[in-house]
Amino acid sequence: MSNRRKGIIQIGEVSRRDALKSIAASVTLLSGAQMQLEAAQHVHARVKEEKSQVGTYKPKLFTNHEFQTMGRLAELIIPADNVSGSARDAGAPEFIDLLCSQNQDLAVIFTGGISWLDNEIQHRHAATFVDAAEDLQKAMLDRLLAAENTEKARTAQGLSFESSQHYKDFSGYGVYTPSDLGPGAKFFNWARKLTVDAFYTSEIGIKDIDFQGNTSISQYEVPEKVIDYALQHSPFKG
Amino acid sequence: MSQIKRTPEEHEVVVIGSGAGGGTAAHVLTSKGIRVTLLEAGPMIDPVKDFKEHMWPYEVDHRGAEEGGAAYFGKGKPFGYFTTTSGGWQLDGEPYTVGEGSEFLWFRSRVIGGRTNHYGRMSFRFSDYDFKPYDRDGLGTNWPISYEDLAPYYDKAEEFIGVTGSKEGIRSAPDGIFHQPPPPKAHEILIKKASEKLRIPCIPNRRAVITRELNGRPPCHYCGQCGRGCVSASNYSSSQVQIFPALKTGKLKIIDMAMAREILTDDSGKVIGVSYIDKKTRLEHRLNCRIVVLAASACESARILLNSKSKHFPSGVANSSGVVGRFLMDTVGFGLSGYVPALEGLPHYNSDGYGGSHLYMPWWEWENHGKLGFPRGYHIEIGGGYGLPGIGSFHREATVYGYGQKLKSGIRKDYGTEIGFAGRGEMIPNEHSYCEVDPTVVDRWGIPVLRFHFKWSDYEWKQARHMERTFAQIIETMGGKVVGLSAAERERDGISIPGTIIHEVGTVRMGSSPKASAVNGFCQAHEAKNLFVCDGGTFVSNPDKNPTLTINALTWRASDFLAEEMRKGNV
């Protein structure tokens, strides 16, 4: 990679901001308004401060139990491995707690979902989700996935027969019945969506998938080894 | 009416709107020494403060999901939190209505620079044949001008705003004055190979981005974030490229937060000024002026004209023909994505580039419409590469891979293997597609709102199916698999919702006959010599060339004409 970057100026974070500021000052002009250059550091300091003291984060909405449960779910959804940390490490529970504290609908989905999950697993194993053994937790999530797939199949059937003009007169009956685990499957889908988002928008997640952009370069080029690889693996090789 | 403030000052030219049309008019007229007063219905913009260019998602606590996770409930900013859009398909206090049985979404940006702050910056010239659609297939109406009339102004516009491209000699996509385009990305190289196998031209994209210094604007730094607004003004926006520099001439005065209500005329029908509401005080003001340039966007301009009723103009200023609001067109849109195995395991690289695809496919079948079964063409835009992760980037993978290590490894494997195509096609104007003033609804400023009516015809649906087949062929030719629509989804989502491509044009169309058009080929109202309309409203047809560059060129031509008419004392 580094040899392909030859001739490409990588501007460091601080100097790039400075460069953009001076550029911007030369090309913009606002009527009467004094340019507020320091505003360029449009960073929301509040989160950063709170993030810098991970471990001492105080949930805004979740109870401690809910927060721990969300943390456990997050690391089950995106676990740590030999490449990177887990979604819990990436701040997923904090992210979800923050949004829930600002939105009643979301709060209901998460606090209700966690409570449903505890109740469901307690019926079977006499332990809350967070206290259950790992294999029992995973067995629970597997059941929710199965319920989700059943639900998906039902919806797909609805799509193809009910909303399709070609099938207006189709009078077949659905073969899939709703699952008792429906509410849990719905909650898990929410938990997974927000966990995945929290992980891949974090520094840990962005590094995990090896995103290399969001930078300033003076000339754009694609490394030859990349082009060679793509061609070699395509129908256009040779 | 004691609330109305009259200014004794006589304004020379009042321009209503600050997008591609208003920005170009302000730039060209002030550069000729003419005094311009620009009305903008939104606030000023400060790129340094307002643009979120280069921000990482983790620099905000909500990561881009917005307060309370609004993005998860479809209530986030259009195109995402980090984009610079100011506005959307619904604005608080400024509603519009839609007629029964119709569907239409109207995007409005209330901010200096309008939609040019965030647009895709595709910059395609119309072809010679695009100006004479009726002569080709008996549908629609010819323009009163030809390609030769507009070509010098395409030159001026491209030279000034800066557009990338290459000389290709393809009739559907006339060459222009170009900046060096950046080289294709890895997935685009495969797409080009597949396209060429299918005899579809695939050429360097034409976007309003500069790759060398231009008028003090530094070249692109390839962060791929044009949609967030460019702090260094290395792409075109009327705010940074035309309006801020025009302020330096001392000839431009901007009145922001000014919602135009009406164009004022005297008893003889002569335009004498503009009335607007100051949104900060809700007071109405009246400006006296010599010339009005209406550039509020196609539908907003139609609305202002229709609402400007007087004894002389009972159906609205410059609307004796009744065409204002008619012939509303959007672009036909359809998209399809595919998974490409050849991209799996690819060594990762920085695929940001210059903020849009580096290649595109212009229309290639302009001589074969007889065989195709639909009359007009489309171009193809390309998506793919390693996007900066954001809210929703991996929701599809999440449902495919479940959870755990399988999900984490699955996302790693799939990242960057998906490509997408978006068709952008020409619609034929039809009698079912128009806007009018709703007789019962006003906005919070007391201004009667628009009511929309819209229908795609079979022409557009057939074109969209051709897009779908073509995209599938390209994907399969490169060894990929369509991640596609089911038959039912195709019926529901097989063509874009009218208005969502944000290319609405045609509602104040130009023509040589005052009976069948509102303005002449110089964008000058047939019925009011000192009124010009400089936005997409004047379009007679809506070729598959995104409208902005043509708005720039038409406005430049109109502004040259207007300056000359002013000098001669004709207006």
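The sequence lines fix the lettering, A, B, ..., with proteins before strands; numbering per chain opens at 1.
- Ranking B:P341, B:S234, B:G345 against chain A, the residue ahead of the rest is B:G345, based on heavy-atom pairs under 4.5 Å.
- If you measure heavy-atom distances from A:L144 to chain B, you find no contacts under 4.5 Å at all.
- Taking both residues in full, the closest heavy atoms of A:L99 and B:A65 are given as CD1-CB, 4.0 Å, listed atom of the first, atom of the second, then distance.
- Using a cutoff of 4.0 Å between basic side-chain nitrogens and carboxylate oxygens, A:D197 and B:R63 are not scored as salt-bridged.
- Here the closest non-hydrogen pair linking B:Y403 and A:L145 is CD2-CD1, 3.8 Å.
- Of the listed residues B:G224, B:P184, B:G353, B:C223, the one with more heavy-atom pairs under 4.5 angstrom with chain A than any other is B:G353.
- Taking both residues in full, the closest heavy atoms of A:D81 and B:R412 are given as OD2-NH2, 2.8 Å, listed atom of the first, atom of the second, then distance.
- Within the 3.5 Å criterion, the main-chain N or O of B:G404 finds no donor-acceptor partner in the side chain of A:K138.
- At a 4.5 Å heavy-atom cutoff, A:A87 makes no contact with chain B through either its backbone or its side chain.
- Under the 4.5 Å side-chain criterion, counting only non-hydrogen atoms from C-beta, A:V196 is in contact with B:L407.
- A donor-acceptor pair is defined here as one N or O able to donate and one able to accept, closer than 3.5 Å; such a pair exists between the side chain of B:K408 and the backbone of A:P79.
- Less than 6.0 angstrom separates the ring centroid of A:Y200 from the ring centroid of B:F394.
- To the nearest 0.5 Å, atom CH2 of residue B:W56 and atom CD of residue A:E203 are 8.5 Å apart.
- By the 4.5 Å heavy-atom criterion applied to side chains, A:Q212 and B:S351 are not counted as neighbours.
- With a 4.5 Å cut-off on non-hydrogen atoms, B:K253 does not touch chain A at all.
- When each of A:I204, A:T201, A:I206 is checked for a side chain to side chain contact (heavy atoms under 4.5 Å, CB included) with B:Y58, only A:I206 meets the rule.
- Ranked by heavy-atom pairs under 4.5 Å with chain A, the first of B:K406, B:E344, B:K197 is B:E344.
- With ring centers used as reference points, B:H358 lies under 6.0 Å from A:Y220.
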**OP:** Apply side-chain hydrogen bond (donor to acceptor under 3.5 Å, both in side chains) to B:E67 and A:N103, showing your working.
**Re:** CA-CA 8 Å; B:E67 170 122 12; A:N103 180 339; over 6 Å; no

